[in-house]
There are 2 protein chains.
Amino acid sequence: MTEQVPAGRPTLEAVAARAGVSRATASRVVNGGDGVRAHLVDKVRAAVLDLGYVPNHAARTLVTRRTGAVAVIIAEPEIRIFSDPFFSRQIRGISKELTAHDTQLVLLLVEHRGDYGRIERYLAGGHVDGALAFSLHTDDPLPAITRRIGMPTVYGGRPGWTGQADGAAPYGPLSYVDADNRGGAREAVRYLVSRGRRQIAHIAGPPDQTSATDRLDGYRDVLVDADPALIAEGDFTPAGGARAMAELLERCPDLDAVFAANDLMATGALGVLRERGRSVPGDVALVGFDDAELVAESAVPPLTTVRQDIEGMGRLMVRLLLRSLDPAQESHRVPGSVITPTSLVVRGSA
Amino acid sequence: MTEQVPAGRPTLEAVAARAGVSRATASRVVNGGDGVRAHLVDKVRAAVLDLGYVPNHAARTLVTRRTGAVAVIIAEPEIRIFSDPFFSRQIRGISKELTAHDTQLVLLLVEHRGDYGRIERYLAGGHVDGALAFSLHTDDPLPAITRRIGMPTVYGGRPGWTGQADGAAPYGPLSYVDADNRGGAREAVRYLVSRGRRQIAHIAGPPDQTSATDRLDGYRDVLVDADPALIAEGDFTPAGGARAMAELLERCPDLDAVFAANDLMATGALGVLRERGRSVPGDVALVGFDDAELVAESAVPPLTTVRQDIEGMGRLMVRLLLRSLDPAQESHRVPGSVITPTSLVVRGSA
DNA sequence: TTGTAAGCGTTATCAC
DNA sequence: GTGATAACGCTTACAA
């Protein structure tokens, strides 16, 4: 059996043959063509084109030990994965930036605690060069995993225990990108104060997420001795916001402003206020957080809210990660962290 | 340089050495262990455990020509990617089913027309075994691409031109999974009729998506000679629904019911109706489509809507695709299509 | 500047 | 049953 018809996809060998060069030279051209005479570069490029050659990814990975892929791990046991516009935008930012670097996005959704075994095996299997993760809960097993197997990882949102003294960790402290939640919250509350509001309530997020606790801290920074009755806990969903709002109205019927820890909860609160006949912003001023698309602007009235550049944060996570993956970089293996600024967007609700 | 310290991750070779067998036997055990004496199986398993061996994916792919990964292509130029709860749930279904089959999900977001070159290169590069795609617009280049490179693909939602006579296509007609949009729409409209509504309007989705046109067709099936003024076009977003609702109210102030082609538009319509002082369902009955989580149920009043099993559809797409990937299957390379049933969920809005 | 050749870690085809 | 050994397609010293 000689003289076989060109069976599957063309290989580098075929390209080299057609261009009349060695496989090595063909490889050089495919990878940029530095140090190859223009003459040959053209020949090889032509061969690539006629043959429709596309490099075999597995073969390349096998030798370079680089996969050109990054895992995006979304560990959110709750129903809100993806439905939350926050994730959507961050993913979009991540996707764009990865694409710009010719890197693929492998999505790993974690639904159950038991999924972590699978995640660890996957990450350890050399399928990806690095990982991006979100929504770390205080007892999340992920950091231990990525650390153990030495997988460079950047987190979205400040982890709950980043302050731990952990100098012995293989790659230093965790790296993350987060918005200035505390500062943003302060600005929101100060704004309400400046508008003459006196009984400013807060609908907080789940206490095991730093984005929630940081916003609560910001609220407290301004209202140092606020009545604890003015604080109710939600879960970042509209329904949770509605429940919290009902509670607050019960406990403090005279409140004249609400700062909700995210826009979704703010919309829930809005519904309850309307039901109870409180006008917004007349009787009660309402400020959200996120400036979530399809939510903040289209609420009635449109939400005054704290904007964070979610897409930009996604892009930043990628840049941090890829930089740490580059052996030539000084920052090799230590991604570092970044806090991005927020800004208050004033609309109709406050 | 002999006597090297166990440098990187352990290889099959190392496992074999430790277990005192050949690499071939070790490989057999790792891949199920059929035809190997229990005695040796145990030894190899033990070695795998102590060494923390994880197979190298690239090496395996190189020889088996199977990547164990599937691309999920989301080609939605609009802002609603992911923010739309519909996608979220379908992705969840897909993710769960892929996980159950030990297959990875590679996410490819298409934002611009120019992205298709990249997508084609990626698919042709042998990174994935098959593809799943959504939201096909009438002139979408994707089917031509997947067909050209022979990539098994299952679509979410009926493509616009599936009816074309295309027997010559390499792998037969496109395969897809879709809900019974037309039947569901009929049921919704019939329900409104049965409740005594007489001026039933429709807020349609974008005419280049079959889910929208199929629902419109269902509406027309029941209301054969409905006044064209009763039909307004939206874009599947709340804002679009609001605009359409305003138009309808302008043109047909006496309408007493609205069937919106999705829940998001229904919520937009709801806001406008409320603003205009029309009670729901008193003055105007409102029915949506999707039974979108965090949307339908939490609307005020909660939305009567047509439910489709979105997550189930996602799972089904995966099953169809994986079946077509299995060379042992009779259905090899021809995924086939499925239409899943819908059901009317009656809540407060109609 | 170009070619030769040695792997990268697996699976698969053979003999044994 | 088990073990050599030849691919798989590519990159990269090293030699020329």
Side-chain angles (χ1 to χ4, degrees), chain A residues 1-2 4 6-45 47-48 51-68 121 124-127 129 327, chain B residues 1-2 4 6-45 47-48 51-68 121 124-127 129 327:
Chain A
M1 271 257 185
T2 334
Q4 194 69 20
R9 283 210 313 277
T11 71
L12 233 207
E13 186 74 54
V15 171
R18 175 147 192 142
V21 301
S22 73
R23 203 167 62 229
T25 298
S27 173
R28 290 179 187 114
V29 173
V30 168
N31 294 290
D34 302 340
V36 177
R37 272 182 311 191
H39 172 61
L40 292 183
V41 169
D42 293 345
K43 270 193 160 166
V44 173
R45 293 243 164 91
V48 165
L51 261 37
Y53 169 76
V54 182
N56 178 307
H57 181 244
R60 183 177 273 177
T61 295
L62 186 55
V63 45
T64 60
R65 288 141 178 304
R66 277 289 228 114
T67 65
R121 242 172 300 129
H127 296 69
D129 300 327
Chain B
M1 271 251 185
T2 334
Q4 193 70 18
R9 283 211 313 277
T11 71
L12 234 206
E13 185 74 53
V15 172
R18 176 148 191 139
V21 301
S22 74
R23 203 167 62 228
T25 297
S27 174
R28 289 182 188 111
V29 173
V30 168
N31 293 290
D34 302 339
V36 178
R37 272 180 311 189
H39 173 60
L40 292 183
V41 171
D42 293 345
K43 270 192 159 168
V44 173
R45 293 241 164 93
V48 165
L51 261 37
Y53 169 76
V54 182
N56 179 307
H57 182 243
R60 182 177 274 178
T61 296
L62 185 55
V63 46
T64 59
R65 287 145 178 303
R66 277 291 227 112
T67 65
R121 243 171 301 128
H127 296 69
D129 300 327

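This is a predicted model, so every value here is computed, not measured. Letters A, B, ... mirror the listed sequences (proteins, then strands); counts begin at 1.
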- Item | Minimal non-hydrogen separation, B/Ala26 against B/Val21, with atom names |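 Looks like N-CG2, 4.1 Å.
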- Message: Could you report the tightest heavy-atom contact between A/Asp129 and A/Arg66, atom names first, then the distance?
- Response: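 That closest heavy-atom pairing would be OD2-NH1, 3.3 Å.
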- Query: Can you find a side chain N or O atom of B/Ser22 that sits less than 4.0 Å from OP1 or OP2 on D/dG3?
  - Reply: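 Answer is yes, contact under 4.0 Å.
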- Query: Between D/dT11 and A/Asn31, is there an OP1 or OP2 to side-chain N/O distance shorter than 4.0 Å?
  - Reply: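 Checking A/Asn31 against D/dT11: at least one side-chain N or O falls below 4.0 Å of OP1 or OP2.
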[N] [atom2] sits how many Å from [X] [atom1], rounded?
X	N	atom1	atom2	result
A/Arg9	D/dG9	CZ	P	9 Å
A/His57	D/dC8	NE2	C1'	15 Å
B/Arg23	D/dT5	CZ	P	11 Å
B/Arg28	D/dG3	CZ	P	8 Å
A/Glu13	D/dT11	CD	C1'	14 Å
A/Leu12	D/dT12	CG	P	12 Å
B/His127	D/dC10	NE2	P	12 Å
A/Arg60	D/dC8	CZ	C1'	16 Å

- Query: Closest nucleotide of DNA chain D for B/Ala59 versus for B/Val21: which of these residues is on the 5' side?
  - Reply: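 Comparing both residues, the 5'-ward one is B/Val21.
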- Message: Using heavy-atom distances to pick each residue's nearest nucleotide on DNA chain D, tell me which of B/Arg65 and B/Gly20 is more 5'.
- Response: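 This one resolves to B/Gly20.
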- Query: Which listed nucleotide (D/dT2, D/dC10, D/dT11) is nearest to the side chain of A/Ser27?
  - Reply: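 From the listed options, D/dT11 comes nearest.
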Rounded to the nearest 0.5 Å, what's the gap from [atom1] on [X] to [atom2] on [Y]? Could you check?
X	Y	atom1	atom2	answer
B/His127	B/Thr61	NE2	OG1	10.5 Å
A/Ser27	A/Glu13	OG	CD	12.0 Å
B/Arg65	A/Arg9	CZ	CZ	8.0 Å

- Of A/Ala24 and A/Gly35, the one whose closest DNA chain C nucleotide lies more 5':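 The residue closer to the strand's 5' end, by nearest nucleotide, is A/Gly35.
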- Taking any atom under 4.0 angstrom from a heavy atom of chain B, which nucleotides of DNA chain C are the first and last to qualify, 5' to 3'?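 Listed 5' to 3', the contact boundaries are C/dG9 to C/dT13.
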- Query: Going through the checks in order, is the side-chain contact (heavy atoms from CB on, under 4.5 Å) test met by A/Lys43 and A/Thr25?
  - Reply: CA-CA 11 Å; A/Lys43 270 193 160 166; A/Thr25 298; over 6 Å; no
- Task: Describe the nucleic acid contact of B/Val30 in one word from base, sugar-phosphate, nothing, applying a heavy-atom distance below 4.0 Å.
- Result: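 No contact at all - B/Val30 keeps every heavy atom at 4.0 Å or more from the nucleic acid.
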- Report yes or no: does B/His57 contribute a side-chain atom to a donor-acceptor pair with the main-chain N or O of B/Thr67 at less than 3.5 Å?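 A pair under 3.5 Å: yes.
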